[in-house]
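Step one of this worksheet: look at the structure below.
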Amino acid sequence: MRAVVYDQFTAEPEVRDVADPVPSDAGVVVRVETTGLCRSDAHGWLGHDDGIALPHVPGHELVGRIHAVGPAVQRFRVGDRVTVPFVCACGRCAQCLAGNGQVCPNQTQPGFTHWGSYAELVALHDADVNLIPVPESLDAGAAALLIPVPESLDAGAAALLGCRFATAFRGLVHRAGLRSGERLLVVGCGGVGLSAAMIGVALGAEVIAVDIDASALARAASIGVTHTIDSSGLDEAAVLTRIAEAAPAGVQVSVEALGRESTMRLSLLALAPMGRQVQIGLFSSEPTLPLPRIISQELSLHGSHGMPASDYSELLDLVASGALRPQDLIEHRIGLDEAPAALVALASGDRSTGVTVIDVA
């Protein structure tokens with residue numbers, strides 16, 4: 001198969017022919033249709049993930065058709081169109097049995113623990129636990145599904161459900177308990193930040209977005225964000241003043257989507273008493289927290305590490321209703337041969353608005 005491969009961290013990736021993967025006993029091999037270009041992939045290429053073994057193929061947001069099936073798989077067959085959470089659970093441990101597969105101690109992650117989806121084929125493990133069916137249309141076998149899927153679900157939209165939308169949804173809904181009518185602050189309007197903003201709008205929250213990029217803020221406004229704040233050239237106090245002007249009664253929930261200490265501080269300090277922060281941005285080094293504020297205002301800090309396949313029904317309900325349209329965030333569609341340069345650009349700080357997906361098939 002053809003795949004994007006890098007042999008050393010920060011070394012130029014290249015597209016080359018490598019051996020086809022084979023399915024594990026309980027796993028499948030999927031022929032990739034579309035995969036997302038995600039900042040987590042850039043963190044991996046930069047060497048920030050100690051679970052990656054070289055040489056490596058990145059990629060963890062995907063949709064495609066099953067190409068081969070392991071002998072222990074019962075629910076899926078060759079030809080089925082599927083997507084998958086980026087955290088694949090084992091389905092057997094105490095965390096999985098409690099419904100928390102996203103923190104499974106035996107988890108596998110395509111593009112991190114093993115080769116990923118910047119390739120024509122990708123292996124996925126424990127398929128019966130992790131795969132999510134994506135039919136051609138709502139009428140094509142929908143009665144057999146446990147979850148609703150919208151008619152003509154765009155391949156790019158389906159791929160994005162595996163990571164950034166699922167992570168944002170779990171953080172906002174299952175962790176922070178965002179409610180209609182509350183104010184949501186999103187700091188950082190990259191792919192996952194815009195996903196969080198879009199989900200907040202769909203849930204009926206009043207969303208405030210902060211970024212240094214005017215085009216990213218324009219994209220946020222186009223998906224229904226009520227207030228946008230350009231923080232370029234402003235210090236922390238000035239940005240907090242602008243947030244307070246937009247939300248005089250305070251912000252109940254915030255999302256930090258960049259992974260920087262300064263923006264994490266901002267999102268915490270902007271919270272009203274008893275506020276809840278969702279931390280999605282990944283850090284290259286451990287940050288310092290404003291603990292006095294967290295203690296005195298009884299703030300809560302919630303991590304979000306994806307979402308188990310069994311919890312996707314609420315997210316897909318929103319997509320099926322038309323209230324949530326992940327495809328509207330797709331700005332660029334590229335081919336596999338363009339992926340190496342796009343990954344390097346993302347790791348170098350590329351601030352393109354919207355989301356880039358890689359059409360493999």
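At a threshold of 4.5 Å between non-hydrogen side-chain atoms, the residues M198 and F165 count as touching. Proximity of I66 to L131: side-chain heavy atoms (C-beta onward) are separated by under 4.5 Å at one or more points. Taking the side chain as every heavy atom from C-beta outward, V134 and V82 never approach each other to under 4.5 Å. Side-chain contact between F9 and W45: absent, with no pair of heavy atoms (C-beta onward) separated by less than 4.5 Å. In this structure, the side chains of I223 and L194 come closer than 4.5 Å at one or more pairs of heavy atoms. Side-chain contact between R179 and Q252: absent, with no pair of heavy atoms (C-beta onward) separated by less than 4.5 Å. Taking 4.5 Å as the limit, every side-chain heavy atom of I358 sits out of range of all side-chain heavy atoms of T34. The side-chain heavy atoms of P340 and L343, taken from C-beta on, include no pair separated by under 4.5 Å.
The cluster map of Ile, Leu, Val, Met, Phe, Trp and Tyr, joined by side-chain heavy atoms under 4.5 Å apart, puts L184 and V210 in different clusters. Note on L336 and V122: same hydrophobic cluster, where clusters join Ile, Leu, Val, Met, Phe, Trp and Tyr whose side-chain heavy atoms are under 4.5 Å apart, directly or indirectly. Placement of V278 and L269 in two distinct hydrophobic clusters is found when ILVMFWY residues are connected by side-chain heavy-atom separations under 4.5 Å, directly or transitively.
With rounding to the nearest 0.5 angstrom, the NE2 atom of H48 is 8.5 Å from the OG atom of S285. Here the straight-line distance linking atom CE of M307 with atom CZ of R175 works out to 13.5 Å at 0.5 Å rounding. How far OG1 of T228 is from CZ of R242: 8.0 Å, rounded to the nearest 0.5 Å. For the atom pair CD1 of I132 and CZ of F76, the computed distance is 8.5 Å after rounding to the nearest 0.5 Å. Rounded to the nearest 0.5 Å, atoms CD (E298) and CE (M274) are 5.0 Å apart.
Remark: side-chain polar atoms of R333 are not paired, donor with acceptor, to backbone N or O of V357 under 3.5 angstrom. Listed for the E338 side chain is no donor-acceptor partner under 3.5 Å among the backbone atoms of A341. Of the possible polar contacts, none joining the Q327 side chain to the L329 backbone as a donor-acceptor pair under 3.5 Å is found. No donor-acceptor pair closer than 3.5 Å links the side chain of N100 to the backbone N or O of V103. The main-chain N or O of I294 is never found under 3.5 Å from a side-chain atom of Q297 such that the two would form a donor-acceptor pair. A donor-acceptor contact shorter than 3.5 Å is absent between the side chain of T113 and the backbone of T108. The backbone N or O of G162 lies less than 3.5 Å from no partner atom in the side chain of T83, so there is not a single donor-acceptor pair. Remark: side-chain polar atoms of N130 are paired, donor with acceptor, to backbone N or O of A89 under 3.5 angstrom. Of the possible donor and acceptor atoms, one in the side chain of E261 sits under 3.5 Å from a partner among the backbone N and O of T288. At least one donor-acceptor pair under 3.5 Å links the side chain of D128 to the backbone N or O of R75.
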Evaluation steps, salt bridge (Lys or Arg N to Asp or Glu O under 4.0 Å), between R265 and E236: CA-CA 9 Å; R265 277 182 50 85; E236 181 181 273; 3.0 Å; yes

Check against side chain to side chain contact (heavy atoms under 4.5 Å, CB included), L54 and D7: CA-CA 6 Å; L54 298 170; D7 297 305; over 6 Å; no

Intermediate values then yes/no, side chain to side chain contact (heavy atoms under 4.5 Å, CB included), Q107 and Q102: CA-CA 8 Å; Q107 66 187 249; Q102 78 286 349; over 6 Å; no

Derivation and outcome, side chain to side chain contact (heavy atoms under 4.5 Å, CB included), residues L346 and R39: CA-CA 7 Å; L346 185 62; R39 197 164 296 276; 3.4 Å; yes

Stepwise side chain to side chain contact (heavy atoms under 4.5 Å, CB included) check, L324 with D317: CA-CA 9 Å; L324 187 65; D317 279 344; over 6 Å; no

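Ring orientation note: the planes of H114 and H125 are tilted relative to one another, at an angle of 30° to 60°. Ring planes of F112 and H60: tilted class, angle from 30 to 60°.
For E61 and T35, the side-chain atoms include no donor-acceptor pair closer than 3.5 Å. No side-chain donor-acceptor contact under 3.5 Å links E245 and H227. In the model, Q277 has a side-chain atom that pairs as donor or acceptor with a side-chain atom of S267 under 3.5 Å.
Shown here is Q8, whose CD atom has no more than 12 heavy atoms of other residues, nucleotides or ligands within 6.0 Å. In the displayed structure, R77 atom CZ is contacted under 6.0 Å by at most 12 heavy atoms of other residues, nucleotides or ligands.
For the pair R92 and D126, the salt-bridge criterion is met [side-chain N within less than 4.0 Å of a carboxylate O]. At a threshold of 4.0 Å, the pair D20-R31 does not count as salt-bridged, since none of the basic side-chain nitrogens sits closer than that to a carboxylate oxygen. Electrostatic pairing of R276 and E182 counts as a salt bridge here, judged by a charged N lying under 4.0 Å from a carboxylate O. Electrostatic pairing of D337 and R2 counts as a salt bridge here, judged by a charged N lying under 4.0 Å from a carboxylate O.
Taking both residues in full, the closest heavy atoms of C189 and D211 are given as N-OD2, 2.7 Å, listed atom of the first, atom of the second, then distance. Nearest heavy atoms, I280 versus S304: CG1-CB, 4.4 Å. R16 and P55 make their closest contact through NH2-CB, 4.4 Å (heavy atoms, listed as atom of the first residue, atom of the second, distance). Heavy atoms only, all atoms of each residue included: A123 and V22 are closest at CB-O, 4.4 Å. Considering all non-hydrogen atoms of both residues, A272 and G250 come closest at CB-CA, 4.0 Å. For Y118 against V57, the heavy-atom pair with the smallest separation is O-CG1, 3.7 Å.
Here the two rings, on H174 and F169, have centers that are under 6.0 Å apart. Ring-centre distance between F283 and H43: not below the 6.0 Å cut-off.
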